[in-house]
Participant: 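What follows is a structure written as structure tokens; I'll ask about it next.
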Amino acid sequence: MFQKYLKQSTKIVGDYYENLACDYLKRNHYKILERNYRTRLGEIDIICKKKNELIFVEVKGGKSFPEPYLRVDAKKIQKLILTMEKYIHSSVREWDYIRLDVISITEPLKEIKHFQDILS
């Protein structure tokens with residue numbers, strides 16, 4: 001019972017930070033294509049585009065110490081890359097550029113840090 005509650009609670013918190021990230025992206029002229037894209041390999045929080053760039057976004061939120069973006073480690077990046085590849089191969093569109101971004105949101109001020117193209 002507790003695990004089910006914990007899982008639901010984690011989803012609610014994740015959705016909250018993803019909503020903040022989507023609002024930020026829209027204000028900055030990104031178009032949201034998908035949210036919570038899942039495969040058996042992993043999940044991408046947000047898939048969006050800006051001009052002819054395809055952008056995959058991992059969202060992390062929480063207290064300012066340690067910074068939420070520090071939870072995006074090498075293992076997580078590897079899962080994201082595999083999931084990105086699956087999405088790209090299923091896409092009918094060709095893109096000029098594809099990148100992976102991380103949006104980190106710290107509490108209590110909801111400070112947003114946007115790390116672009118973390119694989120470069």
Side-chain angles (χ1 to χ4, degrees):
M1 181 72 164
F2 178 73
Q3 285 183 327
K4 182 179 178 183
Y5 171 76
L6 187 61
K7 191 173 187 176
Q8 289 174 335
S9 176
T10 303
K11 170 118 176 71
I12 291 167
V13 171
D15 287 348
Y16 168 75
Y17 288 118
E18 288 169 18
N19 288 336
L20 291 173
C22 281
D23 291 344
Y24 164 85
L25 290 166
K26 289 174 187 175
R27 283 193 312 273
N28 288 281
H29 311 290
Y30 291 79
K31 180 177 183 342
I32 307 301
L33 301 176
E34 289 202 43
R35 288 185 60 178
N36 304 113
Y37 173 77
R38 287 183 177 87
T39 71
R40 63 180 180 80
L41 304 169
E43 177 185 341
I44 305 275
D45 294 327
I46 301 169
I47 301 172
C48 57
K49 71 174 193 153
K50 188 171 188 178
K51 298 181 182 174
N52 200 32
E53 288 185 329
L54 179 63
I55 302 119
F56 297 89
V57 182
E58 176 66 13
V59 178
K60 292 295 182 191
K63 300 209 185 295
S64 60
F65 186 81
E67 293 277 352
Y69 68 85
L70 294 173
R71 294 195 312 268
V72 183
D73 59 10
K75 184 177 178 180
K76 178 66 176 177
I77 290 171
Q78 188 60 37
K79 287 179 76 173
L80 290 167
I81 290 169
L82 293 171
T83 307
M84 289 167 57
E85 288 173 347
K86 183 83 170 167
Y87 183 87
I88 293 163
H89 290 310
S90 68
S91 177
V92 294
R93 182 169 176 186
E94 291 192 21
W95 302 93
D96 291 341
Y97 195 77
I98 297 168
R99 69 180 205 232
L100 174 60
D101 292 3
V102 173
I103 291 182
S104 180
I105 304 171
T106 56
E107 295 291 356
L109 300 176
K110 295 179 184 65
E111 179 188 1
I112 296 176
K113 293 181 182 175
H114 185 178
F115 301 92
Q116 297 183 10
D117 206 6
I118 67 166
L119 299 176
S120 291

Participant: Does some side-chain heavy atom of Lys79 sit less than 4.5 Å from a side-chain heavy atom of Leu82?
Facilitator: no
Participant: Cut-off 3.5 Å, no hydrogens considered: what does the side-chain donor-acceptor table look like for residues 43-57, sequence neighbours left out?
Facilitator:
| from | atom 1 | to | atom 2 | distance (Å) |
| --- | --- | --- | --- | --- |
| Glu43 | OE2 | Asn36 | ND2 | 2.6 |
| Asp45 | OD2 | Val59 | N | 2.8 |
| Lys50 | NZ | Asn28 | O | 3.1 |
| Asn52 | OD1 | Arg93 | NH2 | 2.6 |
| Asn52 | ND2 | Asp96 | OD1 | 3.0 |
| Asn52 | ND2 | Asp96 | OD2 | 3.2 |
| Glu53 | OE1 | Arg99 | NH1 | 2.8 |

Participant: Hydrophobic clusters here meaning ILVMFWY residues chained together by side-chain heavy-atom distances under 4.5 Å, can you tell me if Trp95 and Leu25 are in one?
Facilitator: no
Participant: Roughly how far apart are Leu20 CG and Ile103 CD1, rounded to 0.5 Å?
Facilitator: 10.0 Å
Participant: When you group the ILVMFWY residues by side-chain heavy-atom contacts below 4.5 Å and let the links chain together, are Tyr37 and Leu119 in the same group?
Facilitator: yes
Participant: Rounded to the nearest 0.5 Å, how far apart are NZ of Lys76 and CD1 of Ile81?
Facilitator: 12.0 Å
Participant: Under 4.5 Å between side-chain heavy atoms, counting indirect links through other Ile/Leu/Val/Met/Phe/Trp/Tyr residues: same cluster for Ile32 and Ile105 or not?
Facilitator: yes
Participant: NE2 of His29 to NZ of Lys31: how many Å apart, nearest 0.5 Å?
Facilitator: 15.0 Å
Participant: With rounding to the nearest 0.5 Å, note down the distance linking CG in Leu100 to CG in Leu80.
Facilitator: 5.5 Å
Participant: What distance separates Glu58 CD from Arg71 CZ, expressed to the nearest 0.5 Å?
Facilitator: 9.5 Å
Participant: Does any non-hydrogen side-chain atom of Asn19 lie less than 4.5 Å from one of Arg35?
Facilitator: yes
Participant: For Gly62 and Pro68, work out which heavy atoms get closest and say how close.
Facilitator: N-CG, 3.5 Å
Participant: When rounded to the nearest 0.5 angstrom, what is the spacing between CZ in Phe115 and OH in Tyr69?
Facilitator: 5.0 Å
Participant: Anything under 30° is parallel, anything over 60° is perpendicular, the rest tilted; go ahead and classify His114 against Tyr24.
Facilitator: perpendicular
Participant: If hydrophobic clusters are built from ILVMFWY residues whose side chains come within less than 4.5 Å, do Tyr97 and Val102 share one?
Facilitator: no
Participant: Are Met84 and Ile118 connected into the same hydrophobic cluster when the rule is that any two of I, L, V, M, F, W, Y join if their side-chain heavy atoms are below 4.5 Å apart?
Facilitator: yes
